[in-house]
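All residue numbers in this chain count up from 1 along the given sequence.
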Amino acid sequence: MKVTDALREMEYLRKRGSEPVLKLLKSAVANAEHNFQLKKDDLVVSEAVVNQGPVLKRMMPRALGRSAQIRKRTSHLSIVLLGGGETVQKTKKSAKGEAKPDERAHEQVSGTDAAGQKKTYSIKDAKRSEGRKESRGFGKKMFQRKAI
């Protein structure tokens with residue numbers, strides 16, 4: 001949907017959740033205009049996602065001296081705008097930051113198996129097999145019927 005149409009619809013929508021979505025959409029449009037010098041009329045909303053945010057846990061007194069937990073849920077809004085061949089994403093980042101991809105995940109390692117045949121493994125597979133070799137030994141002798 002074009003940004004101008006989305007702004008018009010969000011302004012006149014009679015739902016409680018439309019106010020924060022409208023505020024985020026205006027912020028994303030302002031960032032696209034200021035940071036990337038894109039025109040408002042060329043922008044298109046390509047994606048709008050609501051993800052789970054942190055949960056506040058509170059207690060409510062109940063009968064016979066017991067208590068019940070109340071979970072006050074929050075959410076993260078994320079809007080992606082497309083325009084002029086560039087992508088502008090406006091979202092709230094998590095506290096831990098973004099996960100870094102493992103650059104070596106696709107590298108190959110060659111080796112020989114027990115039969116002497118040459119095989120090629122990815123680095124992740126090689127690390128998994130190394131960990132298993134270390135954990136055998138006493139556990140295998142003690143618990144022969146169980147898979148470890």
Side-chain angles (χ1 to χ4, degrees), residues 1-115 117-137 139 146-148:
M1 178 181 278
K2 288 193 171 189
V3 168
T4 53
D5 297 336
L7 286 170
R8 190 177 321 115
E9 280 193 29
M10 294 307 293
E11 284 179 7
Y12 295 108
L13 192 63
R14 296 180 59 194
K15 300 216 175 230
R16 186 173 64 174
S18 66
E19 185 179 334
V21 174
L22 178 64
K23 185 176 178 181
L24 181 69
L25 184 60
K26 285 181 179 178
S27 175
V29 170
N31 284 341
E33 288 176 342
H34 182 266
N35 297 340
F36 299 103
Q37 288 75 34
L38 298 174
K39 294 182 180 178
K40 184 177 180 179
D41 298 331
D42 297 338
L43 294 174
V44 177
V45 178
S46 71
E47 204 176 318
V49 181
V50 179
N51 292 324
Q52 182 178 358
V55 178
L56 301 174
K57 295 178 180 174
R58 302 291 182 257
M59 300 305 279
M60 177 80 164
R62 305 302 289 182
L64 301 175
R66 297 181 184 147
S67 64
Q69 191 177 49
I70 296 175
R71 303 179 76 198
K72 296 186 176 186
R73 300 175 186 269
T74 60
S75 59
H76 291 282
L77 299 175
S78 177
I79 292 179
V80 178
L81 301 178
L82 293 175
E86 294 188 31
T87 304
V88 180
Q89 184 171 5
K90 179 71 176 179
T91 184
K92 182 179 178 182
K93 293 182 181 177
S94 64
K96 292 182 181 179
E98 297 180 14
K100 295 180 181 177
D102 188 12
E103 293 86 15
R104 300 179 352 157
H106 300 291
E107 291 183 16
Q108 300 291 323
V109 174
S110 59
T112 57
D113 61 354
Q117 296 178 350
K118 190 173 183 179
K119 290 200 170 186
T120 306
Y121 303 98
S122 69
I123 292 229
K124 286 185 177 180
D125 293 338
K127 286 183 180 178
R128 285 187 201 137
S129 63
E130 287 174 9
R132 282 191 213 126
K133 288 177 185 174
E134 294 172 5
S135 66
R136 292 182 184 178
K146 296 181 181 178
I148 295 179

Report all side-chain donor-acceptor pairs from residues 54-63 shorter than 3.5 Å, counting only partners two or more places apart or in another chain.
none

Spacing of Thr74 atom OG1 and Asn51 atom CG [to the nearest 0.5 Å]: 11.0 Å
Partner residues of Glu19 under the side chain to side chain contact (heavy atoms under 4.5 Å, CB included) criterion, sequence neighbours left out: none
Asp5: partners by side chain to side chain donor-acceptor pair (under 3.5 Å), with sequence neighbours left out: Arg8
Closest heavy-atom pair and its distance - Leu77, Val50: CD2-CG2, 3.4 Å
More than 12 heavy atoms of other groups within 6.0 Å of Gln69 CD: yes
Candidates Val29, Leu82, Val3, Leu7 - the one meeting side chain to side chain contact (heavy atoms under 4.5 Å, CB included) with Val45: Val3
Nearest heavy-atom neighbours spanning Ser78 and Leu24: N-CD2, 4.2 Å
Heavy-atom closest pair, residues His76 and Gln52: CD2-O, 3.4 Å
Nearest heavy atoms of Leu22 and Met10, plus distance in Å: CD1-CB, 3.7 Å
Test item: Ser46 side-chain N/O and Val80 main-chain N/O as donor-acceptor pair under 3.5 Å: yes
Minimum heavy-atom distance His34-Gln37, with the two atoms named: O-NE2, 3.0 Å
Nearest non-hydrogen partners of Gly83 and Leu43, listed with the distance: CA-CD2, 4.1 Å
